[in-house]
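A, B, ... follow the sequence lines: proteins, then strands. Residue 1 opens every chain.
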There are 2 protein chains.
Amino acid sequence: MTDDRPVYLRLRDRIAAMILEGRVRDGDPLPSVRSLAADFGANPLTVAKAYQTFQEEGLVTVKRGVGMFVAPGAADRLRTAERKDFLENRWPRIVSHMRMLGLDTEDLVERALA
Amino acid sequence: MTDDRPVYLRLRDRIAAMILEGRVRDGDPLPSVRSLAADFGANPLTVAKAYQTFQEEGLVTVKRGVGMFVAPGAADRLRTAERKDFLENRWPRIVSHMRMLGLDTEDLVERALA
DNA sequence: TGCGGTGTATTAGGAGACCATCACGCTTAT
DNA sequence: ATAAGCGTGATGGTCTCCTAATACACCGCA
């Protein structure tokens, strides 16, 4: 209801949040696909699909038979990429939508600090 | 690429924008499903599906064999509903996402709506 | 009355996401 | 050496959603 996006994308967001919020740092081990699958009530392959998107960007390194680890500088690179995507793609649309709805600046900022 | 959402939802946004921006007013005829389909390169039934979401909310009235028309007070009701949805559901997530990225919400909002 | 416009019910196709299963190769700890 | 845990590959199936093609029912006007 609240989020109808695919499971593997929500998992991707969860993993990204762990890195961006510093809950896991460079070189730290990430949760195994099996444990994350158990936590999330999902299939291990679905979790693997989420991790795969980070591997392709070199943000996590894989040691076969051991696990997945945060790549060096992953947090910075991820933050840079996410900022760029947000500011260049998402934010302009959000702004035009807000203008179309005639939303007030004070109202938005006020709610943002709640 | 830039928007992977279903066609009927993008059409819904386009129709909503026509109403919210006052390009069509109460009682005005809306583009026929066939003409909109031709413009958008979509199927007439896909357009009909977009219109259907507005019918269910009573924002457009249907005259079979004639066309679709903007219902009385549609713009106001639509604006109210869209504002509520944005402020209650979308905006909080956007704000938390900006915080995670270390972006200044207040600064961005003021620049955007200046 | 006939024609061209309208919306729409039916039906079917296709794509994507997700899960289940089995198996394999790898590494680490016991 | 053995066992346990790890990521990964190959299949296959199911489910949901989106989209499409066809055909039909309706209305207004010449």
Side-chain angles (χ1 to χ4, degrees), chain A residues 1-16 18-19 23-72 74 78, chain B residues 1-16 18-19 23-72 74 78:
Chain A
M1 284 296 187
T2 56
D3 194 346
D4 55 353
R5 293 192 313 158
V7 174
Y8 81 98
L9 286 182
R10 276 179 286 171
L11 283 164
R12 185 202 165 281
D13 286 350
R14 168 174 291 203
I15 297 164
M18 286 193 298
I19 297 175
R23 298 173 52 190
V24 289
R25 301 177 183 280
D26 286 11
D28 284 359
L30 288 157
S32 74
V33 292
R34 288 177 175 82
S35 65
L36 241 187
D39 282 5
F40 212 75
N43 190 283
L45 282 86
T46 305
V47 180
K49 186 173 182 178
Y51 273 128
Q52 195 174 5
T53 66
F54 292 107
Q55 298 174 34
E56 293 166 354
E57 301 172 22
L59 297 175
V60 312
T61 60
V62 182
K63 294 183 186 177
R64 282 188 72 107
V66 183
M68 326 265 285
F69 298 85
V70 181
L78 181 57
Chain B
M1 288 296 186
T2 55
D3 194 346
D4 57 351
R5 293 191 311 158
V7 174
Y8 82 98
L9 285 182
R10 277 180 286 171
L11 283 164
R12 185 202 166 280
D13 286 350
R14 167 173 292 203
I15 297 164
M18 287 193 297
I19 297 175
R23 297 173 54 190
V24 290
R25 302 177 182 281
D26 286 10
D28 283 0
L30 288 158
S32 74
V33 292
R34 286 176 177 80
S35 65
L36 241 187
D39 283 5
F40 212 75
N43 190 283
L45 286 122
T46 304
V47 180
K49 185 172 183 178
Y51 273 128
Q52 195 173 7
T53 66
F54 292 106
Q55 298 174 33
E56 293 165 354
E57 302 173 21
L59 296 175
V60 312
T61 59
V62 182
K63 295 183 185 176
R64 282 187 71 107
V66 182
M68 328 263 287
F69 298 84
V70 181
L78 181 56

From the options C/dG7, C/dG25, D/dC18, select the nucleotide whose nearest atom is closest to the side chain of B/V62.
-> C/dG7
Taking 4.0 angstrom as the limit, do B/D28 and B/R23 come out as a salt bridge?
-> no
Send over the distance from B/Q55 CD to C/dG7 P, rounded to a whole Å.
-> 9 Å
Distance-minimising heavy-atom pair for A/M18 and A/P31 | CE-CD, 3.9 Å
Of the residues in residues 35-54 of chain A, which ones touch DNA chain D at a heavy-atom distance under 4.0 Å?
-> A/L45
Spell out yes or no: do the side chain of B/R34 and the base of C/dG5 have one donor N/O and one acceptor N/O closer than 3.5 Å?
-> no
Side chain of A/V66 only, please: which of D/dC18, C/dG7, C/dT28 is the nearest?
-> C/dT28
Tell me: CG of B/L11 to P of D/dA20, nearest whole Å?
-> 10 Å
Least distance between heavy atoms, A/T46 atom then A/Y8 atom = O-CB, 3.8 Å
B/Y8 side chain, from C-beta outward: closest of C/dG7, D/dT19, D/dT8 = D/dT19
Please report, rounded to the nearest Å, how far the P atom of D/dG7 is from the CD atom of A/E56.
-> 17 Å
Between atom CG in B/D4 and atom P in C/dA15, what is the gap in whole Å?
-> 17 Å
Closest to side chain of B/V7, choosing from D/dG28, D/dT19, C/dT8 = D/dT19
Assign each of A/L9 and B/G67 the nucleotide of DNA chain C bearing its closest heavy atom; nearer the 5' end lies the nucleotide of B/G67
Rounded interatomic separation in angstrom, taking CZ from A/F69 and C1' from C/dC26 | 13 Å
Could you pull out the closest heavy-atom pair between A/Y51 and A/V60, with the gap in Å?
-> O-CG2, 4.3 Å
Set of residues satisfying side chain to side chain contact (heavy atoms under 4.5 Å, CB included) with respect to A/V62, sequence neighbours excluded = A/Q55, A/M68
Taking all non-hydrogen atoms of both residues into account, name the closest pair between B/A50 and B/L11 and its distance.
-> CB-CB, 3.8 Å
Taking all atoms of both residues into account, what is the closest heavy-atom pair of A/A37 and A/N43, and its distance?
-> CB-C, 3.8 Å
